[in-house]
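Predicted model only: the values in this text are computed from it and were never measured. The chains referred to below are lettered A, B, ... by the order of the sequence lines, with proteins before strands, and numbering in each begins at 1.
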Amino acid sequence: MRKEVEKMVGEAMGKLGLEGKVQVDYPRDPKFGDYTTNVAMVMARRFKTDPRGLARRLAGVLEHPMIERVEVAGPGFVNLFMRREWWFRAFSKVLEEGEEFGRLDLGKGRKVQVEFVSANPTGPLHIGHGRGAAVGDSLARILEKAGYQVEREYYINDAGRQIRILVESIWARCLELRGENVEFPEGGYRGRYVVELAKRVLEEMPQVLESPREEALERLAQWGAREILGEIRGDLEAFGVTFDSWFSEKTLYERDLVGKALERLKERGFIYEEGGAQWFASSRLGDDKDRVVVRANGEPTYLASDIAYHALKAERGFALLVDVWGADHHGYVPRIRAALEALGYDPQMLQVLLIQMVSLIKGGEKVSMSTRQGEFVPLAELVDEVGKDAVRFIFLTRKCDAHLDFDVDLAKSQSEENPVFYVQYAHARISSIFRTAGERNIPVPASLTDVELASLELREEMELIKKVLQFPDLIQGMALSLEPHRLTYYLQELAAGFHSYYNHHRVLVEDKELREARMALVKGVQVVVGEGLRLLGVDAPCSM
RNA sequence: GCGCCUGUAGCUCAGCCGGAUAGAGCAGCGGACUUCUAAUCCGCUGGUCGGGGGUUCGAGUCCCUCCAGGCGCGCCA
């Protein structure tokens with residue numbers, strides 16, 4: 001819709017012999033019209049003329065059957081007031097399209113990969129992972145809605161030392177459980193889940209402990225990682241998050257992709273040797289310093305496999321790669337970008353979302369998050385306590401690069417006033433209206449699309465219509481900025497508009513034409529609320 | 001020391017490519033259910049947008065600088 005208005009303004013500018021980018025905005029205040037453009041001020045600077053005069057000339061030639069009037073205001077804004085039919089016509093399309101409303105062709109079917117969570121299979125997911133899961137999954141849904149073909153991928157770090165440490169931890173617990181006095185490995189995982197795993201080893205496969213140590217560790221490593229990954233998968237499913245692809249780091253080595261990637265870097269002159277190690281000259285492409293990719297002892301570093309992994313991603317034909325990382329990994333962005341560039345790819349194809357820390361507040365005190373200290377709150381526990389919907393919603397109530405204080409006590413004790421219920425309640429209330437209509441034998445038009453909306457004369461009704469119609473713009477904005485958190489704010493505003501309307505006016509009135517117009521209105525609100533909640537991975541209940 | 005993120009109402013935070021008088025929720029106070037669900041609504045109170053410069057018709061938004069907090073700067077992952 002905004003695009004159409006931009007076209008109108010563009011044509012008017014053409015009549016004045018001007019050309020340039022046209023920007024049309026929604027004004028903050030309705031007295032400034034339905035749309036506003038600052039082109040007169042922007043152009044005035046370029047052509048060194050008087051902005052208000054230019055605005056007046058533009059207003060003079062700005063004509064369209066759907067434009068009611070045009071005003072020039074302030075330093076040179078051109079404000080457009082549209083005829084009510086403009087909005088009614090657009091609103092009918094909401095009802096016609098239903099849950100498809102808001103679908104865009106922005107992505108033109110291009111492939112996008114969103115890689116997120118990717119927690120090491122060395123322990124249960126904690127709430128920090130949960131935030132990444134909520135952001136990544138919602139973003140994936142939004143990008144799909146915007147017309148991209150999205151793949152959700154989980155990268156499994158199953159080749160590094162962490163797995164080794166995990167299995168040594170399990171091993172140590174096994175021996176402990178059998179009453180042996182063992183030294184717990186340095187930096188080992190001390191979480192209770194390790195003891196649980198050890199118990200299962202003793203119960204389910206005690207013979208493993210009789211094998212030679214290395215052989216036993218190898219078997220336990222595979223088993224342990226698989227078990228933990230299974231739990232991670234379960235936790236994510238309970239959180240409403242699923243993946244299209246689980247990518248194992250180990251396969252990069254099995255297919256020699258790490259060696260090949262390093263070889264390609266070498267051919268391009270980005271690898272040199274120093275102190276017995278192989279270095280990637282990332283500082284030539286924007287990184288702070290060069291990085292070791294193969295240690296002096298011949299072992300590749302984590303970065304080596306990460307380079308191979310991203311090279312493979314680039315080869316897989318994605319137009320855009322989105323990585324969702326913990327903010328503590330932000331130092332990796334320049335080096336991965338450098339690697340992509342060194343290999344001949346566009347480094348900008350990789351966009352990294354850095355998820356800032358979640359501080360859990362319990363009893364008024366911050367609980368620090370560290371897997372290794374064994375002091376963390378599992379995602380599953382929080383979901384049990386607060387509920388999936390509330391957790392997902394709250395994780396998206398701020399931009400992802402801002403710290404998040406999640407006050408568990410507050411989330412529980414004030415669960416009645418949680419914003420997620422506020423939005424869900426709007427959805428449920430609208431369902432209730434139609435239920436009541438059924439009980440009272442009030443007919444609901446088979447097709448609300450064809451309902452005449454002209455009797456919606458209240459200011460609040462027009463505001464609701466306009467708010468609903470902003471949804472496609474919102475989808476576009478989120479898809480371009482990769483900022484899914486905007487959705488929670490939009491939904492709260494839309495729900496607030498509806499609740500207020502509901503408390504002041506009745507839908508099921510005597511007057512048939514008004515009643516059916518209002519039915520159509522609230523139905524449209526419900527469609528967008530429902531669809532918005534779906535994009536957040538939050539249920540949209542029909543009764544509460 | 002260097003780099004990245006953050007700093008907006010008592011609290012938690014929105015604020016889109018720079019736009020017109022800076023918003024919401026919570027907390028506080030006072031009201032509204034014989035009505036389609038009161039998990040709601042209505043009203044009031046609340047601001048040196050961390051400080052200081054600069055850019056311009058216009059800055060919470062861009063640039064510089066300083067202050068405060070967080071994170072990162074490994075032949076760890």
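Looking at A:H499 and A:R429, their side chains do bring a donor and an acceptor atom within 3.5 Å of each other.
In this structure, of B:A39, B:A20, B:A14, it is B:A20 that holds the atom nearest to the side chain of A:A73. Minimum atom distance to the side chain of A:N38 is reached by B:G19, of the listed B:C42, B:G19, B:A14. Considering only the side chain of A:M357, B:C71 comes nearest among B:C36, B:C71, B:C41. Comparing B:G70, B:A14, B:G72 by their nearest atom to the side chain of A:A402 picks out B:A14. With B:A20, B:C16, B:U40 as the choices, the nucleotide that has an atom nearest any side-chain atom of A:N79 turns out to be B:A20. When each of B:C73, B:A38, B:C13 is scored by its nearest atom to the side-chain atoms of A:Y489, the top-ranked nucleotide is B:C13. Of the candidate nucleotides B:U40, B:C42, B:C36, B:C42 has the atom nearest to the side chain of A:S500. Closest contact between the side chain of A:Q356 and the listed nucleotides B:C36, B:A14, B:G70 involves B:G70.
For A:R398 and B:C13, the shortest distance from a side-chain N or O to OP1 or OP2 is below 4.0 Å.
Separation of the C1' atoms belonging to B:C62 and B:G43 is 40 Å when rounded to the nearest angstrom. The C1' atoms of B:G10 and B:G46 are separated by 8 Å, rounded to the nearest whole Å.
By the 5.5 Å and 30° criteria, A:F32 is stacked with the base of B:A20. In this structure, the aromatic ring of A:F77 is not positioned over the six-membered ring of the base of B:G19 within 5.5 Å between centres and 30° between planes.
Relative to the ring axis of A:Y35, A:R2 does not place its NZ or CZ within 45° and under 6.0 Å from the centre.
Taking the syn range as angles within 90° of 0, the glycosidic angle of B:C13 is outside it, so the base is anti.
Across residues 293-310 of chain A, A:R295, A:A296, A:Y302 each have a non-hydrogen atom less than 4.0 Å from an atom of RNA chain B (numbered order).
Base pairing of B:G3: its partner is B:C71, meeting the Watson-Crick or G-U wobble criterion (both donor-acceptor distances under 3.5 Å).
Side chain of A:S138 to main chain of A:L535: a donor-acceptor pair is present (N/O by atom type, distance under 3.5 Å, no hydrogens or angles).
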